[in-house]
Amino acid sequence: MLRFILKRSLIAILTLWAISSVTFFVFFALPANPAETMCGKNCDVRTIAAIQKNLGMDKPLPKQYLDYHAGLFVGRDFERQGREAQHCPAPCLAYSFRTNEPVTSIIGRAWPVTASIVVGGAVIWLTVGISLGMFSALRRGTVFDKTAIAFSLVGASMPIYVFAILLLATFVFGLHLLPYPHFVGLLEDPVGWVKALILPWFALAFIFAAQYARLSRSQMLETLSEDYIRTARAIGLSKRTVHLKHAFRAAITPIVTIAGIDIGGALGGAVITETIFGLQGMGWYAVRAIPNLNFPVIMATVLVAAFFLVAANVIVDCLYAVIDPRVKLN
Amino acid sequence: MTTPQTAHGGAYLQVRDLRVQFSTEDGVVRAVDGVSFSVDRGQTLGIVGESGSGKSVSSLAVLGLHDPKKSRISGEILVNGRNVVGLDDNELRKLRGRDVAMIFQDPLSSLHPYYTIGKQIVAAYRIHHPNASKSLARKHAIDMLGRVGIPQPAKRIDGYPHEFSGGMRQRAMIAMALVNDPDLLIADEPTTALDVTVQAQILDLIEDLQRDFNAAVILITHDLGVVSQIADDVLVMYAGRVAEYGSAEQVLRQAQHPYTWGLLASVPSLHGDADEDLKPIKGNPPSLINVPPGCAFHPRCRYAMLNGGPCDIEVPQLLPLLATHEPGHTVACHLPERQRKSIYEQDIAAVGVAI
Ligand SMILES: Nc1ncnc2c1ncn2[C@@H]1O[C@H](COP(=O)(O)OP(=O)(O)OP(=O)(O)O)[C@@H](O)[C@H]1O
Ligand code: SF4
Ligand SMILES: [Mg+2]
């Protein structure tokens, strides 16, 4: 187990390094020049050069690449025109081209927002999606089943912003039950955290729940037709025991994998949900950084997203070995 | 043993005029269509027939394992004198595993992949012995694993199904089936998924255990060699109906039904001469949604309408043989008995079918 985790972590680090290299070269080698964008309309070659120097973009590309990665692990110094060099401690993600704020502090501010949205959303989508799917499989062909299928079809095809607007119109503007979604720290005000974020949770959960309902239903139906379910019935176990202990146990396994990857993916930024509700999470920053050619922020959001995806993969693999005895770690 | 159990009343399991129908999108599947048989403790009934002839459906009906919403079952299934057709699930549950146990074709897919063998046997035991402690149930399971010939049962009990070889898995499955000392064991093709050498061991095991436990056994198989080895009675099924029924001696050595002849001629192990060409039955078994009219076998039967007979119009009844002095041997075929006998002597016995 330990060897497996070590090996997978090593692979994970290599993967992250590859992702960061590719992202770096794709953006920094782009013909678009962020210095020009920042400079605005009336600007001359000298100003551009100055900005470029400030950004560290006057150096050759390989040097910039090495500096960036060195900064990640040991920190680095940024030359500043007319001022003394600015030290950026590890893990240094450089400074925002826009605000000159250290990107690490942007991430430190944005990530709790994203994490709050995803954790709450995941709890809802997993409970609603899985129970809906499992129960409709057990009640296949009934009104309940058909309603659940209809729900998941609507959920899968309705754009999230339509649903989000419906939520806002009802609970915020209509019934005045909830404040307009914003971010409240969980530790500062747990109740406020729930109130301020419950609508984004449901919006995020809505799409996923529909997907998970369909997936759970088909997994459960498949499991129910397995020979070992027939055996469990043939030894005299009650339907309840067969469904809960034998069928559910087997049907949930692949869902754990997919849930792990989905949650890992969302932790890198719940782009649509954050954008719709104006919540300044990872996705929100990523979306704003792209038209600004704010490379350090883009790089950082990509890296953080990649980190969670890769970590989710390792965790899911370990988890799989725990729930499925047939899986050997090696 | 030449007289089938039908001759005696009061057998442990008596199935009478069993019909099982499934309604599907394509139509009604008449999977079992008026089948009767019986088997007593200490006896083995072999059920043979090609794929799709309704063997498994019949046996699952004994355990009441068909979904009542999707199937229609009529007739009688008397287990120890009590009709279980239409019994509600809670009543059936008490019977399953305790009075009637079942083992299946593929022990790998029939055991839960996530639970140890021991856990599954313990569950099977405790459901019918709710007052037994876990440790007692476990002791019982270890004993049972030892009895079915699994070496080091106290260690192997904590293994998962995938850690067992095919033969050992089937032994474990048998241990699970026998842990409650059932009176009837249904083995649905228990050796089909196993190596030839292992097959013989498993059959020996079933035979031995039957003697020890004095259980009634139904053995479903494609393999007439297996049937000849351990069955007392044989039921030949075709398209959900009984083609021929009698003692193993009667059905295998004095077969009377053209379909049984076909089966016998297509089994390599039963040929006296290894070089003799096998004669598989031409064509395929019919769909049970559209069963051919009259004798369901008529499109494939060499002897159909030999006498301009009613083979394609009238369903032949399962009738006892009169001319031979063989009580209990029943056959469903329109051919007159004398003619069958002469065909058998000329065509069938001559090709070297021997057991
Ligand atoms: N639940 C079901 N719904 C619809 N049709 C079914 C169902 N179960 C079985 N059948 C059909 O009933 C027929 C008989 O099936 P059964 O499993 O009894 O065959 P079998 O004799 O056991 O064959 P095999 O040797 O392949 O196991 C088949 O045509 C099968 O497709
Ligand atoms: S009834 Fe006719 S078709 Fe059927 S087995 Fe006898 S001879 Fe063949
Ligand atoms: Mg079968």
Side-chain angles (χ1 to χ4, degrees), chain A residues 1 134-146 149 216 219-257 316-330, chain B residues 56 59-60 62-67 69-70 89-117 119-130 158-163 172-173 176-180 182 185-186 188 193:
Chain A
M1 184 82 179
M134 297 284 171
F135 281 118
S136 59
L138 292 176
R139 289 168 183 54
R140 185 185 194 173
T142 61
V143 178
F144 179 89
D145 182 30
K146 283 173 185 149
I149 295 174
S216 312
Q219 280 299 332
M220 191 66 170
L221 284 178
E222 202 182 308
T223 309
L224 287 173
S225 67
E226 292 282 356
D227 288 352
Y228 54 78
I229 297 301
R230 187 185 56 194
T231 308
R233 304 263 292 129
I235 62 174
L237 297 180
S238 68
K239 268 203 171 123
R240 206 185 139 80
T241 312
V242 173
H243 292 163
L244 282 179
K245 281 183 90 172
H246 292 246
F248 183 72
R249 173 79 166 74
I252 196 77
T253 311
I255 296 170
V256 169
T257 315
V316 158
D317 282 351
C318 295
L319 220 56
Y320 217 101
V322 174
I323 36 184
D324 186 343
R326 289 169 301 179
V327 176
K328 284 267 179 307
L329 295 177
N330 50 40
Chain B
S56 299
S59 54
L60 290 171
V62 175
L63 282 171
L65 281 177
H66 295 298
D67 184 346
K69 282 186 218 122
K70 288 173 202 144
D89 203 60
N90 277 329
E91 287 298 311
L92 284 166
R93 223 149 55 67
K94 291 183 200 146
L95 176 120
R96 293 182 195 130
R98 193 189 65 187
D99 301 330
V100 185
M102 191 152 178
I103 56 182
F104 300 98
Q105 174 172 343
D106 182 355
L108 182 58
S109 63
S110 300
L111 288 163
H112 201 295
Y114 296 168
Y115 295 122
T116 61
I117 296 283
K119 222 177 157 173
Q120 301 188 48
I121 300 180
V122 165
Y125 182 76
R126 289 187 78 203
I127 187 75
H128 295 299
H129 300 83
D158 294 316
Y160 287 95
H162 72 274
E163 295 166 345
M173 188 82 215
M176 179 155 118
L178 295 181
V179 74
N180 291 305
L185 176 69
I186 302 175
D188 192 349

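In what follows, every chain begins at residue 1, and chains take the letters A, B, ... in the order their sequences are listed.
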Original post:
What is the distance from atom CZ of A:Phe144 to atom CD1 of A:Ile149, rounded to the nearest 0.5 Å?
Top reply: 10.5 Å
Original post:
Is it the side chain or the backbone of B:Asp89 that comes within 4.5 Å of chain A heavy atoms, both, or neither?
Top reply: side chain
**OP:** Check each atom of A:Ser238 against the heavy atoms of chain B and say whether the ones under 4.5 Å are side chain, backbone, both or neither.
**Re:** both
Original post:
Which atom names give the shortest non-hydrogen contact between B:Arg93 and B:Ile127, and what distance separates them?
Top reply: NH1-CD1, 4.1 Å
Original post:
Yes or no on salt bridge (Lys or Arg N to Asp or Glu O under 4.0 Å) for B:Asp67 and A:Arg233, after CA distance, side-chain angles and deciding distance?
Top reply: CA-CA 11 Å; B:Asp67 184 346; A:Arg233 304 263 292 129; over 6 Å; no
Original post:
Should we say atom CZ of A:Phe135 is surrounded by more than 12 heavy atoms from elsewhere, each under 6.0 Å from it?
Top reply: no
Original post:
Rounded to the nearest 0.5 Å, how far does CE of B:Met102 lie from CE of B:Met173?
Top reply: 9.0 Å
Original post:
Is it the backbone or the side chain of B:Leu111 that comes under 4.5 Å from a heavy atom of chain A, or both, or neither?
Top reply: backbone
Original post:
Which region of B:Tyr160, side chain (C-beta onward) or backbone (N, CA, C, O), has a non-hydrogen atom less than 4.5 Å from a non-hydrogen atom of chain A, or is it both or neither?
Top reply: side chain
**OP:** May I ask you to name which of B:Ala124, B:Gly64, B:Pro182, B:Pro113 has the most heavy-atom pairs under 4.5 Å with chain A?
**Re:** B:Pro113
Original post:
Based on non-hydrogen pairs under 4.5 Å, which of A:Lys239, A:Lys245, A:Glu226, A:Arg326 is most in contact with chain B?
Top reply: A:Arg326
Original post:
Given a strict heavy-atom distance threshold of 4.5 Å, which part of B:Ala101 is in contact with chain A: side chain, backbone, both, or neither?
Top reply: neither
**OP:** Run the numbers on A:Val143 and A:Lys146 for side chain to side chain contact (heavy atoms under 4.5 Å, CB included), then give the verdict.
**Re:** CA-CA 5 Å; A:Val143 178; A:Lys146 283 173 185 149; 5.7 Å; no
Original post:
Going by the angle between their ring planes, with limits at 30° and 60°, are B:His112 and A:His246 parallel, tilted or perpendicular?
Top reply: perpendicular
**OP:** Counting only heavy atoms closer than 4.5 Å, note whether B:Leu95 contacts chain A via side chain, backbone, both or neither.
**Re:** neither
Original post:
Given a strict heavy-atom distance threshold of 4.5 Å, which part of A:Ile229 is in contact with chain B: side chain, backbone, both, or neither?
Top reply: neither
